[in-house]
Amino acid sequence: MSIKDLPTVYDARATEEKIYKFWEDGRYFEADASSKKPSYSMVIPPPNVTGVLHMGHALDETLQDILARYYRMAGFETLWLPGTDHAGIATQNVVEKQLREEGLSRCDLGREKFLERTWEWTNEHKSAILDQCKRLGASFDRTRERFTLDEGCSEAVKEVFVRLYEKGLIYKGTYIVNWCPRCQSAISDVETDYETKGGHLWEISYPLKGENGASIGGGGAIIIATTRPETMFGDVAIAVNPDDFKYKDLIGRTAIIPLSGREIPIIADDYVDKNFGTGALKITPAHDPNDFEVGKRHNLAPIKILDEQGRMCACGEVPPEFHGLDRYEARKQIVDSLKYKNFLLRIKDHEHNIGQCQRCSTTIEPLLSDQWFVKMEPLAKPAIAAVKDGRITFVPERWEKNYLGWMENIRDWCISRQLWWGHQIPAYYHNQTGEMVVAKENPDPQNYTQDSDVLDTWFSSGLWPFSTMGWGVNEKGSPNGATEWAMKNAPDFKKFYPTTTLVTGFDIIFFWVARMITMGLEFTGKAPFSTVYIHGLIRDEKGQKMSKSKGNTLDPVVLIDKYGCDALRFTLTSLCTYGGQDIKISDERFEYGRNFANKIWNASRYVLMNLDGVDDKPFDLAALTLPDKWILDRLNKTITTTRKNMDEFRIGEIAHDLYHFFWDDFCDWYIELAKSQIAEEGLKLNTQRVLKHVLDYTMRLLHPIMPHITEEIWQLLSVGEALIAADFPKSEEKELDALADMEFVFGIVRGLRNLRQSLNISTSVKLNIIIDYPSADYFVPLEMYIKRLAKVENITYGGKVPKQSASAVVEGSKIIVPLAGLIDLDAELARQHKKLEKLAAEKGSLAGRLNNESFKSNKPDLWEQTRARVEEIALQENAIDELISSLKD
RNA sequence: GGGCGUUUAGCUCAGUUGGUAGAGCGUCUCCCUUACAAGGAGAGGGUCGGGGGUUCAAGUCCCUCAACGCCCACCA
């Protein structure tokens, strides 16, 4: 297709498909571990295999891609490593749902068959979301794609588990955990959400046993308050505050659990708040984390009365009529029974926070069970230090506090999950003796059986920066113990670990970022990345979180179809503030990026269509006109700020700067001025060279944000083979010093246009203008340029100042326009008076400063500036006065 | 209970070391001038949430109050 046939509307769809294929075919995304160039690397936050691309990914992937493309162009050997997460619970849920539809359960299949089935599903979907990322223009290296359950990652998981265990940092124990009765698994603290709900506080009377062994009812009663009456059969004590005079005498006596009749001691513990409820608290160690601690302090064995489904146990502690009841039904019946037997004294409304499973919103049941934990404190210490001493920086900085606060109060991490899909815990039990061995392989499959639990999904993602890169060869580089896989990939680890930047949302700082830091430091001795760039979350136009259930999601692929990928990327990028504010979006916002892409397209079309006869030589510095120098200066400044902003992760500012430079400076001013230069034979060639140069460099600057359209145009410019592999511009030190003069020209033109508009003189009417310069300094370099504007602005220039004329003042010069035709005299007079008022107000406020001696001595340059402005105002006022009297003539 | 964020033009938001406020969209006026009507030119619009303080000078620094949002903790 010839340049002249390029469509006037940019065809994003066709261009993007073609260009992405060009990059893939040219293998431009693939990193070379043997390169001598300095490295820049990132790992993708692995999306869940069950995930579907949403706006959050679009933003996260776009930002990473911008960095990858920038550093690739800036001379770094760049690796952006993609992959996906096996997402334990989520994936298992999907497959179990399929099974249910077939009338089966996972237990019908058995573990082995179920896993086969899940692998089948996974293999089918594993890469779907990364394939979708192609539409985003993602330049990650698919030859290095990883999956958290694949060979290398699994090997690393086992290695890490065994080493932590041997170091005493992984332990197994019976503790209270957050149990999800629906998922049938323990979940970690961070996977538990709390929601405030209305509930009740029940006050129940527990009879006291008589002092001298008197029978039930003989010794009065103690009244406790609880939100969970159904757990009463698991009570092991009643606790009161040791300083609470109400109960002082009761400490050490014995109370009797209503309905079941078991005897429990009354103990004293500081944990109890005298002022809450009745000041007496029932202690149920098996079903409440705080009670568990109290129980431990007082050596009271927990009694478990709810099972893993959330039903009352059929045990001796629970009266038979409640056996097997669901926890809520049990509560109802127990309360009825208490009421009937007069043990229930009062019911108060009470709001409290209820823990819920993040994944299925089922109310969490704190449950006593055998689980595996990571001892976090020793691991947290170096992870705190790495952030405090600056080896790891958070951008924006405020997230550092957030991270440190959490780390400094870290609690042990429950890592076992009662699922089948995931990394099975590498612990083996002897079939007869029960003896436990923790090892990477089963020591003797005949006699040992592996622990049936799997690891929390975040355990493997915590290793992601190094498990994906061939970690496993020991520090001395010896193959001893390392798998073949690790050996093969070790060069990646050497070249690209630690990674440079991690890009993610603040919602997974605790889940993921913190764990990568602890694990990275523990196992590689190095922080896994030096900068954590935290961006905001995408929200809908009302500021609500996007979710499928609310139906307020926007599909990135649909938006790309409608507006184009580069448009989507540009819009998203422009909304990224340095502070990482959440981003509110609606469909229409992407018109911003689309319009910009179209502007780029059409301006480029103009340049391309006007390059006939141009050569490959650089522009002639000596022959540059004022606008040439100006646009080159502006380009140079834009290069400087773009690089600086890239270093500082001010990505949104880059987008705004480039938008402004391209649209306002290049299109609206330079190209318009260049049109008249091209018409002059003597200036044509050099102008073409400048146009070509500026477009070339602008495409380079914009490429990280808008990769497809820039690649397309750059290739049409025929200055190189592939923009993706071209150099990122470096700024020149020397300035061409044209800004001030050009501003003057702009002032003249604006003044003129303003006059036309306000006097209602159409651009089709030719105007004569006269410029009254205050001194020759202005005149010499600019006269020519004003003349050159003649065609564009439809003016003639020069002559004598007639009587009736309008004028505008620019930096001491006056543009005078004779008013031969008709104008609206009153309207013009009113306009001028309004201007006078404005000027007077400004002068008033400036005068105060001017007379301020300390301002004059503290900031002489600023004072001088102010003084100059006051002079300018006086000139303008004079001009307006003159105009007014001339109009009145 | 502790911490963080936000409050600037009709709407959505920028505003890096303190120096008389900017953008996009929307509004009004004019223009289909062969790069672009997804465009061009011009205009209007803000006592920067309230109050106090520091300073010659505060959207910007300090204190305080208010509203909204988020995170952490989880007194039964």
Side-chain angles (χ1 to χ4, degrees), chain A residues 6 8-10 190 192 194 196 201-202 224-228 231 239 271-273 275-278 280-284 288-291 350 352-355 398-399 401-402 405-406 409 506-507 509-510 537 541 543 545 563 567 571 574-575 577-586 588-589 591-592 594-610 644-645 648 650 652-653 656 659-660 667-668 671-672 675 749-750 753-758 760-764 791-794 841-842 845-846 848-849 851-859 862-863 865-866 869:
Chain A
L6 294 174
T8 59
V9 173
Y10 171 57
V190 271
T192 310
Y194 287 89
T196 304
L201 196 56
W202 324 81
I224 60 94
T226 181
T227 54
R228 302 206 55 197
T231 64
Y271 166 71
V272 182
D273 180 349
N275 302 315
F276 187 89
T278 61
L281 169 64
K282 70 188 205 60
I283 301 298
T284 322
D288 182 281
N290 293 309
D291 292 8
H350 178 62
H352 58 151
N353 292 328
I354 308 261
R398 68 189 148 93
W399 293 112
K401 254 198 218 166
N402 193 265
W406 191 68
N409 300 293
F506 59 78
D507 51 335
I509 290 178
F510 303 148
L537 264 33
E541 66 255 75
K545 222 171 165 176
Y563 297 105
T571 298
S574 74
L575 295 172
T577 64
Y578 180 66
Q581 284 300 306
D582 286 353
I583 298 170
K584 282 193 247 182
I585 53 165
S586 59
E588 306 82 55
R589 295 201 81 152
E591 287 174 9
Y592 177 62
R594 181 201 58 186
N595 293 355
F596 186 45
N598 199 48
K599 188 70 181 179
I600 293 172
W601 181 250
N602 279 296
S604 303
R605 266 180 63 233
Y606 168 79
V607 174
L608 288 163
M609 287 189 294
N610 285 280
K644 181 169 169 279
N645 287 329
E648 296 173 3
R650 296 174 184 274
E653 282 179 45
H656 291 128
Y659 182 93
H660 173 249
C667 293
D668 290 348
I671 288 184
E672 291 310 317
K675 282 175 183 170
V749 174
R750 286 196 192 104
R753 288 171 179 172
N754 191 307
L755 283 172
R756 265 195 197 277
Q757 181 86 17
S758 59
N760 204 10
I761 301 169
S762 157
T763 40
S764 58
K791 196 179 170 202
V792 180
E793 299 298 329
N794 196 23
E842 191 182 346
S845 89
L846 292 181
R849 297 174 160 219
N851 294 330
N852 187 322
E853 282 306 315
S854 50
F855 179 46
K856 190 175 176 181
S857 52
N858 287 342
K859 290 276 177 177
L862 270 170
W863 186 87
Q865 216 174 299
T866 310
R869 177 62 192 152

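Each chain gets a letter, A, B and so on, in the order its sequence line appears, and its residues count up from 1. Only heavy atoms go into these numbers, but all of them, side chains included; no hydrogens, no water, no symmetry mates.
Heavy atoms of A:N275 sit nowhere under 4.0 angstrom from any nucleic acid atom. Residue A:F510 is classed as a sugar-phosphate contact, given heavy-atom separations below 4.0 Å to backbone atoms only. Residue A:K401 is classed as a sugar-phosphate contact, given heavy-atom separations below 4.0 Å to backbone atoms only. Using a 4.0 Å heavy-atom cutoff across all strands shown, A:H660 reaches no nucleic acid atom at all. Within 4.0 Å (heavy atoms only), A:K599 reaches at least one base atom of the nucleic acid.
Separation of the C1' atoms belonging to B:G18 and B:C71 is 32 Å when rounded to the nearest angstrom. Using atom C1' as the reference point in both B:C72 and B:G19, the two lie 41 Å apart (nearest Å). B:G46 and B:C61 have their C1' atoms separated by 23 Å, with the value rounded to a whole Å. B:G5 and B:A9 have their C1' atoms separated by 23 Å, given to the nearest Å. Nucleotides B:U29 and B:A21, compared at atom C1', are 25 Å apart to the nearest Å. Rounded to a whole angstrom, the distance from the C1' atom of B:A35 to that of B:G39 is 10 Å. Taking the P atoms as reference points, B:G15 lies 31 Å from B:A73, given to the whole Å. Rounded to a whole angstrom, the distance from the P atom of B:U12 to that of B:A58 is 29 Å.
Applying the Watson-Crick and G-U wobble criteria (two distances, each under 3.5 Å), B:U17 pairs with nothing in any strand. Base pairing of B:G1: its partner is B:C72, meeting the Watson-Crick or G-U wobble criterion (both donor-acceptor distances under 3.5 Å). Remark: B:G45 base-pairs with no nucleotide; criterion is Watson-Crick or G-U wobble with both hydrogen-bond distances under 3.5 Å. Pairing for B:A67 is with B:U6, a Watson-Crick or G-U wobble pair whose two hydrogen-bonding atom distances lie under 3.5 Å. Of all nucleotides present, only B:G53 satisfies the Watson-Crick or G-U wobble test against B:C61, with each distance under 3.5 Å.
Ring geometry for A:W601 versus A:Y10: interplanar angle of 30 to 60°, hence tilted. In this pair, A:F510 and A:W406 present their aromatic rings parallel. The plane angle is below 30°, not in the 30 to 60° band.
An OP1 or OP2 oxygen of B:C75 is reached within less than 4.0 angstrom by a side-chain nitrogen or oxygen of A:Y271. For A:T577 and B:A14, the shortest distance from a side-chain N or O to OP1 or OP2 is below 4.0 Å. A:N595 has a side-chain polar atom (N or O) that falls below the 4.0 Å cut-off from OP1 or OP2 of B:G39. Within the structure, a side-chain polar atom (N or O) of A:H350 is placed less than 4.0 Å from OP1 or OP2 of B:A76.
Look at CG on A:N754: it is 13 Å from C1' on B:G44, rounded to the nearest Å. Distance CG (A:L537) to P (B:G69): 17 Å, rounded to an integer number of Å. Between A:R605 atom CZ and B:A35 atom P there is a gap of 9 Å when expressed in whole angstrom units. Atom CG in A:N598 sits about 8 Å away from atom P in B:A37, given to the nearest Å. A:Y659 has its OH atom 14 Å from the P atom of B:A38, to the nearest Å. A straight line from NE2 of A:H656 to C1' of B:G24 spans 8 Å, rounded to a whole angstrom. If you take CG of A:N402 and P of B:C4, they are 11 Å apart, rounded to a whole angstrom. What separates NZ of A:K675 from P of B:C36 is a distance of 8 Å, to the nearest Å.
Atom CD of residue A:E591 and atom CZ of residue A:R594 lie 5.0 Å apart, to the nearest 0.5 angstrom. Between A:Y592 atom OH and A:S574 atom OG the span is 5.0 Å, to the nearest 0.5 Å. Once rounded to the nearest 0.5 Å, the distance linking OG1 of A:T231 with NZ of A:K282 reads 2.5 Å.
Formation of a donor-acceptor pair under 3.5 Å by the A:D288 side chain with backbone atoms of A:T284 is not found in this model. Side chain of A:R589 to backbone of A:K584: a donor-acceptor contact under 3.5 angstrom is found.
The shortest heavy-atom contact between A:L201 and A:G277 is CD2-CA, 4.3 Å.
Minimum atom distance to the side chain of A:N353 is reached by B:A73, of the listed B:A38, B:A76, B:A73. Considering only side-chain atoms of A:Q757, the nucleotide from B:A41, B:C13, B:C36 that sits closest is B:A41. Closest to the A:K584 side chain, of the nucleotides B:U12, B:A35, B:A76, is B:U12. Between B:C71, B:U6, B:G24, one nucleotide has an atom nearer to the side chain of A:Q581 than all others, and that is B:U6. Side-chain atoms of A:A225 lie closest to B:A76 of the nucleotides B:A41, B:C13, B:A76.
Residue A:W399 is the one, among A:Y592 and A:W399, whose nearest nucleotide of RNA chain B lies closer to the 5' end (criterion: closest heavy atom). In terms of position on RNA chain B, the residue among A:D582 and A:V272 whose nearest nucleotide sits closer to the 5' end is A:D582.
A donor-acceptor contact under 3.5 Å is formed by the side chain of A:R594 with the base of B:A38. Taking only distance into account, the side chain of A:E653 never meets the base of B:A23 through a donor-acceptor pair shorter than 3.5 Å.
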